[in-house]
Amino acid sequence: MGATYTREDIRAKARELAKMMVETEEVDFFKRAEKQINEHLRVQELIAQIKKLQKEAVNLQHYGKTEALKEVETKINALLEEVDSIPLVQEFKSSQVEVNELLQMVSNTISKTVTDEIITSMGGDLLKGTTTKNPYFDGGCQQ
């Protein structure tokens, strides 16, 4: 059997992997896009208006003012559409998706590798995804 690692060993490697990920093109683009969003006056104005209206919507909902709530929700949706129509916001959202895909890829790779290593170490079958040989089924057709 190979080396035994502690949780802290694994945590340290995870931090090392995270630092590598921060140095990718995807994360670099995300950071630049977020900085531009934070400095974009119109985007910040729209976000402030949306937050104000969302607070108003919570109050209207609390007091059961359904018609007024519908009007406020319509305004919020219009502002959200305006924010989403800004090319910089579209680029930012796209960069979020790319970073999330990178994180998902790492997670899936780790999960699959751990599963495959468990199956292999137990003498199992990777194609069948089983950890032990089944004496009742060997996959062939015997007479």
What's the spacing between [X] [atom1] and [Y] [atom2] if we round to 0.5 Å?
| X | Y | atom1 | atom2 | value |
| --- | --- | --- | --- | --- |
| Leu102 | Phe30 | CG | CZ | 12.5 Å |
| Glu71 | Leu69 | CD | CG | 10.0 Å |
| Ile76 | Gln54 | CD1 | CD | 5.0 Å |
| Leu46 | Leu80 | CG | CG | 9.5 Å |
| Ile50 | Lys55 | CD1 | NZ | 13.5 Å |
| Leu53 | Thr74 | CG | OG1 | 11.0 Å |

May I ask you to check whether over 12 heavy atoms, not counting those of Arg15, lie within 6.0 Å of atom CZ?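 Enclosed: over 12 neighbouring heavy atoms sit under 6.0 Å from CZ of Arg15.
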
For the CD atom on Glu25, are there more than 12 heavy atoms of other groups (residues, nucleotides or ligands in this structure) within a distance under 6.0 Å?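 For Glu25, atom CD is not crowded (no more than 12 foreign heavy atoms under 6.0 Å).
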
Between [X] and [Y] (side chain of the first, backbone of the second, donor and acceptor by atom type, cut-off under 3.5 Å), is there such a pair?
| X | Y | value |
| --- | --- | --- |
| Glu98 | Phe29 | no |
| Gln49 | Leu79 | no |
| Thr120 | Glu117 | no |
| Thr113 | Thr109 | yes |

Flag the pair [X] / [Y] as yes when at least one side-chain heavy-atom distance between them is below 4.5 Å, and no otherwise.
| X | Y | value |
| --- | --- | --- |
| Gln90 | Asp84 | no |
| Ile118 | Met122 | yes |
| Thr24 | Val99 | no |
| Met21 | Leu17 | yes |

Does the side chain of Thr6 pick up a donor-acceptor pair with the side chain of Asp9 at under 3.5 Å?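 Yes, Asp9 and Thr6 have a side-chain donor paired with an acceptor closer than 3.5 Å.
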
Any donor-acceptor pair under 3.5 Å linking the side-chain atoms of Asn38 with those of Glu34?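 No donor-acceptor contact under 3.5 Å links the two side chains.
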
Lys70 vs Glu73, test: salt bridge (charged side-chain N to carboxylate O under 4.0 Å, His left out). Steps then yes/no. CA-CA 5 Å; Lys70 285 180 187 174; Glu73 286 174 341; over 6 Å; no

Ignoring hydrogens, what is the shortest heavy-atom contact between Val72 and Ala57? Give both atom names and the distance.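 Where Val72 meets Ala57 most closely, the heavy atoms are CG1-CB, 3.9 Å.
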
Looking at Val43 and Ile86, what are the two nearest heavy atoms and their distance?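 Where Val43 meets Ile86 most closely, the heavy atoms are CG2-CD1, 3.7 Å.
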
Restricting to salt bridge (Lys or Arg N to Asp or Glu O under 4.0 Å), what partner residues turn up for Arg42, sequence neighbours left out?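 Per chain and number, Arg42 pairs via salt bridge (Lys or Arg N to Asp or Glu O under 4.0 Å) with Glu45, Glu82.
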
Hydrophobic clusters here meaning ILVMFWY residues chained together by side-chain heavy-atom distances under 4.5 Å, can you tell me if [X] and [Y] are in one?
| X | Y | result |
| --- | --- | --- |
| Tyr63 | Leu60 | no |
| Val58 | Ile47 | no |
| Val97 | Phe92 | no |

Set of residues satisfying side chain to side chain donor-acceptor pair (under 3.5 Å) with respect to Thr66, sequence neighbours excluded: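 Per chain and number, Thr66 pairs via side chain to side chain donor-acceptor pair (under 3.5 Å) with no residue.
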
Under-4.0 Å salt bridge between Lys65 and Glu56: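 Salt bridge: no.
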
salt_bridge(Arg32, Asp28) N-O dist < 4.0 Å: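 Yes, Arg32 and Asp28 are salt-bridged.
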
Hydrophobic clusters join Ile, Leu, Val, Met, Phe, Trp and Tyr when side-chain heavy atoms are under 4.5 Å apart, directly or via other members; which others share one with Tyr5?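 Reading the cluster by chain and number, Tyr5 sits alongside Ile10.
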
Test Gln104 against Asn108 for side-chain hydrogen bond (donor to acceptor under 3.5 Å, both in side chains), laying out the working first. CA-CA 6 Å; Gln104 195 63 49; Asn108 289 341; 3.2 Å; yes

Kindly indicate, with the supporting measurements, whether the criterion salt bridge (charged side-chain N to carboxylate O under 4.0 Å, His left out) is fulfilled by Glu16 and Arg11. CA-CA 9 Å; Glu16 187 179 322; Arg11 200 172 287 120; over 6 Å; no

